[in-house]
Amino acid sequence: MKQIPDTLYAQTEAPSNIAIVKYWGKKAIQTPINPSISFSLSKAKTITNIQYTHSPNPLTIEFLFESHKKPEFIPKLKTLTERLVNYLPFLKTGNLLVQSSNTFPHSVGIASSASSMASIAKALFEIQIQIKPQFDTSVKQNFISELARLGSGSACRSIINGWALWGKTAEVEESSDQYAIDINNGLHHNFQHLQDTILIIKKGEKKVSSSIGHQLMQQHPYKNGRIDQANKNISNLLTILRSGDFVQFARICEEEAMSLHGLMMSSSPSYTLLEPNSLLTINRIKEFRDKHSLPITFTLDAGPNIHVLYPLSISKRIDSFINEQLKPLCEDEQLIFDSINNIT
Ligand code: PMV
């Protein structure tokens, strides 16, 4: 039998993703109160290197982010490895060194939990395969997506290229609360090469974390209404992704973005992550769209930054509008021209 080396290595990368129908609120461990749909990005990624050394002692974890120690991330990794021990038994013992870096500038307020947890889950899986190579590859993607979900809910969608659906819905038989699935089949060209320019309205860490936001949904007065709204939007979006109807797509994007922030503003305690320039930007996008009748819309993550969405076919026209009218509203005029990643 082949001898397993004492130290094993894995290097992986995973993209960030942006949800169009948002996941906001949890049921049991990292399962969503409603299904969500997102697409993965091309440029915004996390790269992770893992070094695992065998030892009979309980697992120790070290973490370096862009070559610097980041102790505040260790509790998250501890929770992750404890949750994953039943899936990846090597995590019971040994020494784990995790080193991650992002392709996008840090502290610009782009959520990196999805890309980082997805790349860590991929790397941990690769270590397990080196120790015990027998694995049913037909379920590999679902399995890794489930591992990623246990780190951060939205991370399970970052395992899929292009468009992903996470959460059980009667609309799609194979859908699951445990992992995300690929929904790229039959996609209209409007959405195959979707552009996403991320406007950095305000840099820095957000004031209230997403895990607090998820918790506040448990007692939220609008919880049931929100679940109905998300399910309706999932059903409609699945049709729109195939028909290519950009007007209806924009309606869902904006309703979902504003609902997410509306839920934050109506939580108890209430809070807002939007900045004055977030609203100014939204108004400018709508005015430009009304004036020129062009397919352009936006979405928001849990923060003040704006994702401007439009098909590749009109990107020249939109990019000049963004540079002239929206860039001055960004902190230090910072923005990232990104797009959906390659659908495989
Ligand atoms: O995966 P979490 O726990 O960071 O939550 C992400 C929630 C949103 O980004 C606001 C929405 C989503 O579906 O990605």
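No hydrogens, no waters, no symmetry mates; every other heavy atom, side chains included, goes into these values. One-based numbering along the sequence shown. Order of listing sets the numbers, starting from 1, for every ligand and every atom in it.
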Check each atom of ligand 1 against the heavy atoms of [X] and keep those under 4.0 Å away; list them by number with element.
X    : answer
G153 : 1 (O)
W24  : 7 (C), 10 (C)
D301 : 8 (C), 9 (O), 10 (C)
A19  : 12 (C), 13 (O), 14 (O)
S113 : 4 (O)

**OP:** Determine which pairs satisfy salt bridge (charged side-chain N to carboxylate O under 4.0 Å, His left out) with at least one residue from residues 8-17, sequence neighbours left out, and list them in order.
**Re:** E13-K45
Original post:
Quick check, are the ring centers of H214 and Y23 under 6.0 angstrom apart?
Top reply: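 Between H214 and Y23, the centre distance is under 6.0 Å.
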Should [X] be counted as touching ligand 1, given the test is an N or O pair under 3.5 Å?
X    : value
Y23  : yes
S36  : no
S210 : no

Original post:
Would a distance-only check, ignoring hydrogens and angles, find a side-chain to backbone donor-acceptor pair under 3.5 Å from D301 to G303?
Top reply: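 No; zero donor-acceptor contacts below 3.5 Å.
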Original post:
Is there a side-chain contact between M258 and I282 (heavy atoms, below 4.5 Å)?
Top reply: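 Sidechains of I282 and M258: in contact.
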**OP:** Taking the side chain as every heavy atom from C-beta outward, state whether F249 and P295 have any atom pair closer than 4.5 Å.
**Re:**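 No, side chains not in contact.
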Original post:
Heavy atom under 4.0 Å from ligand 1: found in S154's side chain, backbone, both, or neither?
Top reply: both
Original post:
Would you call the rings of F65 and F63 parallel, tilted or perpendicular, where under 30° means parallel and over 60° means perpendicular?
Top reply: parallel
Which side-chain N or O atoms in residues 152-164 pair as donor and acceptor under 3.5 Å with protein atoms at least two apart or in another chain?
from	atom 1	to	atom 2	distance (Å)
S152	OG	S113	OG	3.3
R157	NE	N17	OD1	3.3
R157	NE	S38	OG	2.8
R157	NH1	S36	OG	2.8
R157	NH2	N17	OD1	2.8
S158	OG	P15	O	2.7
S158	OG	N17	ND2	2.9
N161	OD1	N341	ND2	3.0
N161	ND2	N342	O	3.3
N161	ND2	T344	OG1	3.4
W163	NE1	F191	O	3.0

Subject >> Nearest candidate to atom 14 (O) of ligand 1, where distance is taken over non-hydrogen atoms, out of M117, R157, K22 >> reply: R157
